[in-house]
A.B. asks: 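Below are the C-alpha cells for one structure; questions will follow.
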Protein chains: 2
Amino acid sequence: MALNKQSIRNLNEKSVLRQIFIGGPISRIQISRNLDLNKSTVSAIFNDLSDRELVVEMGQGESTQVGGRKPVMIKVNPKYGFTVNFDIGFHHLDVMGNYLEGTAFFYQRFDTTGFDIHQIIALMIKTVNSVGAADMVQGLLGISVAVHGIVFNNKVTYSPFIDMEDVSVYDELTTQFEVPVIIENEANLVATFQRDFSRDSHRTMNNIVVISIHKGIGAGIIIDHNIYRGEHGEAGEIGRSIYTMNLSQPQQAEKIENYASQDAILELIKQRKKLKQLNFAEVASLYEQHDSVVVEAIKDFCSYITTMVYNTAISFNPDAIYLSSDLIENIAELLPMIQAEYNQLPGEGKTDIRLLKGAKFASLLGGCSAATHQALGITEQQLKFNYSLKKAVPDFDEQAI
Amino acid sequence: MALNKQSIRNLNEKSVLRQIFIGGPISRIQISRNLDLNKSTVSAIFNDLSDRELVVEMGQGESTQVGGRKPVMIKVNPKYGFTVNFDIGFHHLDVMGNYLEGTAFFYQRFDTTGFDIHQIIALMIKTVNSVGAADMVQGLLGISVAVHGIVFNNKVTYSPFIDMEDVSVYDELTTQFEVPVIIENEANLVATFQRDFSRDSHRTMNNIVVISIHKGIGAGIIIDHNIYRGEHGEAGEIGRSIYTMNLSQPQQAEKIENYASQDAILELIKQRKKLKQLNFAEVASLYEQHDSVVVEAIKDFCSYITTMVYNTAISFNPDAIYLSSDLIENIAELLPMIQAEYNQLPGEGKTDIRLLKGAKFASLLGGCSAATHQALGITEQQLKFNYSLKKAVPDFDEQAI
DNA sequence: TATTTAGTTTGTTGTTTGAACCAACTTACA
DNA sequence: TGTAAGTTGGTTCAAACAACAAACTAAATA
C-alpha cells in the first residue's frame, strides 16, 4: 500500500502522539524538532489530539536557556481511558487496571484452583465490569490476556496447563466488550514489558530475548522493537530444543525442558529427598544450608540454563538476554554462577545476561502496553510507559526495579 | 521521523517503482489498483520515472475482458545500469554482472590460490573496470561482496578463512568507484537470493532461514522480509552452538560445526580411510557403493544436521528452512533421510525443510539484489528479480531451479 | 454505434510549509 | 526599578504541492 491522502495526516498524528507518549511532558517545539515537522503542523495536530482529549497541556516548562518564552508542556491525558489486563496462571488469575500512560490503579489476584475455562472467563467478565475508573473520557480502551501457551492471531493453539475446551477467550471477551482484545503468549508480553517499561538500560535496545523459566521454558523475542512470533506463533519455544545427540535412537530424543525447567528441578529434589511439598523459598533455604542434593540439582540447573542461554545468544545475537525465573530470583548466587559459566564459553563481546526485574507484574504490564498500542492504533512503533504501581500495589517496592 | 512534504512523493515513487519491479510488465491502471493510488497520480509518477529512464513502455497488453482500450505495459529499463557482484571464496573469486532487473550478462570464476587480500582487491577493481556493459543510461549502479565470515556495517569483523589484515574492502571499493558498496555475510546473501529470486513457492514467505553447510555452518535469517543480523552481525552463527551437556567440564564444550560441518565429515572419512584427497563427488560415489565408513559418517552427518534444523525451526519457527550443502546436493538420498528423521521428532505442523536450488550462484544473485536495493534507495521493501543466467552461463540448466 | 477500459487533462481538496506575527521570558543596563 | 534588546515558543495565513475526482480522449470489443 502506498500513501494516499488520508494516511498522511493519520501517520503524522500518530507520530506526534507517540512523541508525547515517550517524551513525557514535552513541548510543541521539541516535537517539531524531533520529527522534523514544521511547528505549525505540530500545532495543528496537537489541536486535533487535544479536541479528542487524548492529550492535555500541563503548565509551563523551564526556559533554562538565555531567555525566551517558556514552553507549554504537553502530556498524555491519563484520564482518557484505561486498559484491563489479565494473566491466566495455573491456579490463579491476575488482573491489573492501567491508565493510558501505564500507571496501575488496580491489582488483584484471584485463586482459580479447580476452575474450568468457563468459570475463568466468567470471572474475567465480572472483573472488567467492576473495574470502572471514574472521570474517564472514554472508559475502557482495551483488554489483554497473557496465556501460558502458544497463541497465534489471538487464538490459543496450545495450552499445556489449562484445558481450553475449544473455547475462544478472544471471542467471548470481544462480544462482551466492544474494545480491542489481545490474547498473547506470556513470554512475549514479558518481553514487551522489558521493552516498554524498563529503565534498566541507557542504550536503546533493538533486539532482546526474555527467557521465561517456569513450568516450561519459553523465550519472548523482540526483533527490531517488535514481538517476533514466527509463522505459527511458535517461535521461541526453546524448551522443546533437543540437546542430546543420541544418534542411534532419534525417537528417544528428549526436550530440554524435561530436565531444565523449574518444575523438573523441584520434582528431582522432591524425589531425591522424598518430600511431598516444596516451594522456591524452601529450596533457597536448603541451598543456603549447603544441602548436597539441592546444591547438586541447582548446579545442574545452572549448567542447563547456561547452555540454553549461550545457544540463544548465538542464534539471535540480541542486545541482551533477560532471565525470568523464581529460582534465580530467590537464590542470589545463581545469576553470577550462570554468568561466570557463560563467560567461560568461547566468543568475544558476549551478550549481556540479566535478571528480569519486576517479574511479578511483567506480563500484566506487557499486556497493558500491547492493549494500549492496539487501542491507539499505534501498532508499528514502540511506546514507553510510566512504571507506577503504588496506587494499585501500595506495599510493592518500586525502587527495586 | 514523520512524513514531511518531500518524503511523501518519494515514498510513493518508490512504491510505484517497486510495483513495476515485482509486477513484471504491468499497466498504470494495475499499479493504481494495487497501491490504492489514483490513476492520475500513477501517471504523474510514471512520467517522472520515465524521464529518468528508470522504466520504459513495452507495447500493449491484452484486453482479455469484454472490450476496452488495451493497457500499455511498463517494465524496468534493463539498460538503466548494472551491478557487479563478488563472492570471495577460499581459493577463488566469483564475479557476476547483472542488469537492473537481475539478468546476468557476465560471470567468471578466478582462481585465487595463494592470493593475499590486497591481490584479491586489486583483482576486484580490475574486474569492475573491465565489466562495462554497453548502452547503459547510468552504467555501474553498485557493487556487492559476499564474505564467508561475520560482517557488521560493511566491515568484516571475523574472517576465519581469509586474512583481512585490517584492510577494509568497503573503503577500497568505495574510494575507487563512487557507487553504493555492500559487504555482506554469504549466508545472508543466500537467504536474500532465496527471498528475491526463488520461484519455488506460491505462498509468500515472511520468515525463512537458510542453513549454509560448508567449511562451517551458518544461518542466513530473513525475518519479516528483511535480513536479521542481530546486534553485531553475529546472528545465525549456529555452527557455534553447543550440544554436548558435559556438566562437569563446561570449558571443554565443543561447538557443533567441529563435527557436523562438511569439512569435518570429509576429514573424518579421509582419516578413517587413510586418504590424502577427497571431494564431494568421490564421497557420493563411495556412498553409492555402500562403503561402510562413508555410510556411517554420512548417517551421523544427517543426524547432526537434523538436530540443528529441528532446534532452528523451534527457535525461529520460519515458513521454511533451506539447506545449502554440496554433500546434500550430491547425494540424492540425504535430504529425504534428514526429512524422515526430522519428522520423527515431536511436534505438529512441522516447518518445511527444502534443498536450496541454484546454490552455485546464490550468493552472487543475493548480492545483486542487495546492491540493487541500495542503488534504488528501496531498502525497506522486498523486490523480485529476473532469474536469467543464460547470457552469462550458457551451459547452466536453469530448468533445474 | 454502444459499451468498456486505459490513460490524460484540469480544476479541487487537504496537508505541509515558511514567513510574519504575537506572547512571554531573560538579560543588560540606565 | 524600569525599559529595551534579544531569544524562544506558539499561532495565523497565504503559498506550494501532492493526491484526488471528474471530465475528457483513445482505443478496444461486440
Side-chain angles (χ1 to χ4, degrees), chain A residues 1-17 19-20 23-52 55-75, chain B residues 1-17 19-20 23-52 55-75:
Chain A
M1 270 321 206
L3 293 169
N4 47 24
K5 225 162 175 176
Q6 294 94 295
S7 52
I8 299 166
R9 182 56 172 267
N10 220 318
L11 282 167
N12 280 341
E13 215 169 87
K14 275 165 189 163
S15 292
V16 170
L17 181 55
Q19 282 293 313
I20 300 171
I26 189 174
S27 65
R28 294 165 174 76
I29 195 76
Q30 193 55 49
I31 296 172
S32 156
R33 283 194 279 256
N34 292 352
L35 293 178
D36 198 19
L37 269 179
N38 194 282
K39 58 180 178 172
S40 49
T41 307
V42 173
S43 269
I45 292 174
F46 168 80
N47 289 335
D48 285 2
L49 294 175
S50 178
D51 288 348
R52 289 159 53 195
V55 299
V56 287
E57 294 186 337
M58 55 166 296
Q60 307 202 307
E62 285 309 298
S63 68
T64 42
Q65 304 82 348
V66 289
R69 176 175 174 176
K70 284 182 182 167
V72 179
M73 303 312 267
I74 299 166
K75 66 168 182 180
Chain B
M1 270 321 204
L3 292 170
N4 47 25
K5 222 160 178 177
Q6 294 95 295
S7 53
I8 298 166
R9 182 56 170 263
N10 220 318
L11 281 167
N12 280 341
E13 216 170 86
K14 275 165 190 163
S15 292
V16 170
L17 181 55
Q19 282 293 314
I20 299 171
I26 189 173
S27 64
R28 293 166 175 76
I29 196 76
Q30 193 56 49
I31 296 172
S32 157
R33 282 194 280 255
N34 292 352
L35 294 177
D36 198 19
L37 270 178
N38 193 281
K39 58 180 179 172
S40 53
T41 306
V42 173
S43 268
I45 291 175
F46 168 80
N47 289 335
D48 284 1
L49 294 175
S50 178
D51 288 348
R52 288 158 55 193
V55 299
V56 288
E57 295 186 335
M58 56 165 296
Q60 307 203 305
E62 284 310 298
S63 69
T64 42
Q65 303 83 347
V66 289
R69 178 175 171 176
K70 284 182 182 166
V72 179
M73 303 311 268
I74 298 166
K75 67 168 182 179

A.B. asks: Give a yes/no on whether any side-chain N or O of B:Arg9 is located under 4.0 angstrom from OP1 or OP2 of D:dA19.
C.D. replies: yes
A.B. asks: Write down the distance between CG (B:Leu35) and C1' (D:dA19), rounded to a whole number of angstrom.
C.D. replies: 13 Å
A.B. asks: Quick check on C:dA6: is either OP1 or OP2 less than 4.0 Å from any side-chain nitrogen or oxygen of B:Arg33?
C.D. replies: yes
A.B. asks: Of all the nucleotides listed (C:dA6, D:dG10, C:dT17), which has the minimum atom distance to the side chain of A:Ser40?
C.D. replies: C:dT17
A.B. asks: Kindly indicate whether the side chain of A:Ile45, heavy atoms from C-beta on, has any atom under 4.5 Å from the side chain of A:Ile31.
C.D. replies: no
A.B. asks: Indicate yes or no: at least one non-hydrogen side-chain atom of B:Asn12 is less than 4.5 angstrom from one of B:Leu37.
C.D. replies: yes
A.B. asks: Within less than 4.0 Å of OP1 or OP2 of D:dA19, is there a side-chain N or O belonging to B:Asn12?
C.D. replies: yes
A.B. asks: Going through the checks in order, is the side chain to side chain contact (heavy atoms under 4.5 Å, CB included) test met by B:Ile74 and B:Leu49?
C.D. replies: CA-CA 11 Å; B:Ile74 298 166; B:Leu49 294 175; over 6 Å; no
A.B. asks: Taking A:Ser32 for the side chain and A:Arg28 for the main chain, is one N or O donor matched with an acceptor at less than 3.5 Å?
C.D. replies: no
A.B. asks: Out of D:dG10, D:dA28, C:dT16, which nucleotide sits closest to the side chain of A:Ile45?
C.D. replies: C:dT16
A.B. asks: Measure CZ/B:Phe46 against C1'/C:dG7 and give the value in whole Å, please.
C.D. replies: 11 Å
A.B. asks: Please check if any side-chain donor atom of A:Asn10 sits under 3.5 Å from a side-chain acceptor atom of A:Ser7, or the reverse.
C.D. replies: no
A.B. asks: Provide, to the nearest angstrom, the distance between the NZ atom belonging to A:Lys39 and the P atom belonging to C:dA20.
C.D. replies: 13 Å
A.B. asks: Write down the distance between CG (B:Leu11) and P (D:dA19), rounded to a whole number of angstrom.
C.D. replies: 10 Å
A.B. asks: Given atom CZ of B:Arg28 and atom P of C:dT9, what is their separation to the nearest angstrom?
C.D. replies: 11 Å
A.B. asks: What's the closest nucleotide to the B:Asn38 side chain, out of C:dG18, D:dA21, C:dT8?
C.D. replies: D:dA21
A.B. asks: So, does A:Thr41 get its side chain near the phosphate of C:dT17, meaning an N or O under 4.0 Å from OP1 or OP2?
C.D. replies: yes
A.B. asks: When all nucleic acid strands are considered with a 4.0 Å heavy-atom cut-off, which category describes B:Asn4: base, sugar-phosphate, or nothing?
C.D. replies: sugar-phosphate
A.B. asks: How do A:Ile8 and A:Asn47 order along DNA chain D: which one's closest nucleotide is nearer the 5' end?
C.D. replies: A:Asn47
A.B. asks: Where each residue is assigned the nucleotide of DNA chain D containing its nearest heavy atom, which of A:Gln30 and B:Leu37 is assigned the position nearer the 5′ end?
C.D. replies: A:Gln30
A.B. asks: Could you tell me the separation between the CG atom of B:Asp48 and the C1' atom of D:dC17, rounded to a whole number of Å?
C.D. replies: 13 Å
A.B. asks: Under the criterion side chain to side chain contact (heavy atoms under 4.5 Å, CB included), I'd like the reasoning laid out for B:Gln19 against B:Val42: C-alpha separation, chi angles, the key distance, then a yes or no.
C.D. replies: CA-CA 11 Å; B:Gln19 282 293 314; B:Val42 173; over 6 Å; no
A.B. asks: Quick one: which of C:dA24, D:dT11, D:dC20 gets closest to the side chain of A:Arg69?
C.D. replies: C:dA24
A.B. asks: Please report, rounded to the nearest Å, how far the P atom of D:dA26 is from the CD atom of B:Glu57.
C.D. replies: 16 Å
A.B. asks: Of the nucleotides D:dG10, C:dG7, C:dT16, which one has an atom closest to the side chain of A:Val72?
C.D. replies: D:dG10
A.B. asks: Looking at the side chain of B:Ile29, which of D:dG10, C:dT16, C:dG7 is the nearest nucleotide?
C.D. replies: C:dG7
A.B. asks: Nearest to the side chain of B:Lys70, heavy atoms from C-beta on, is which of D:dC20, C:dT5, D:dA28?
C.D. replies: D:dA28
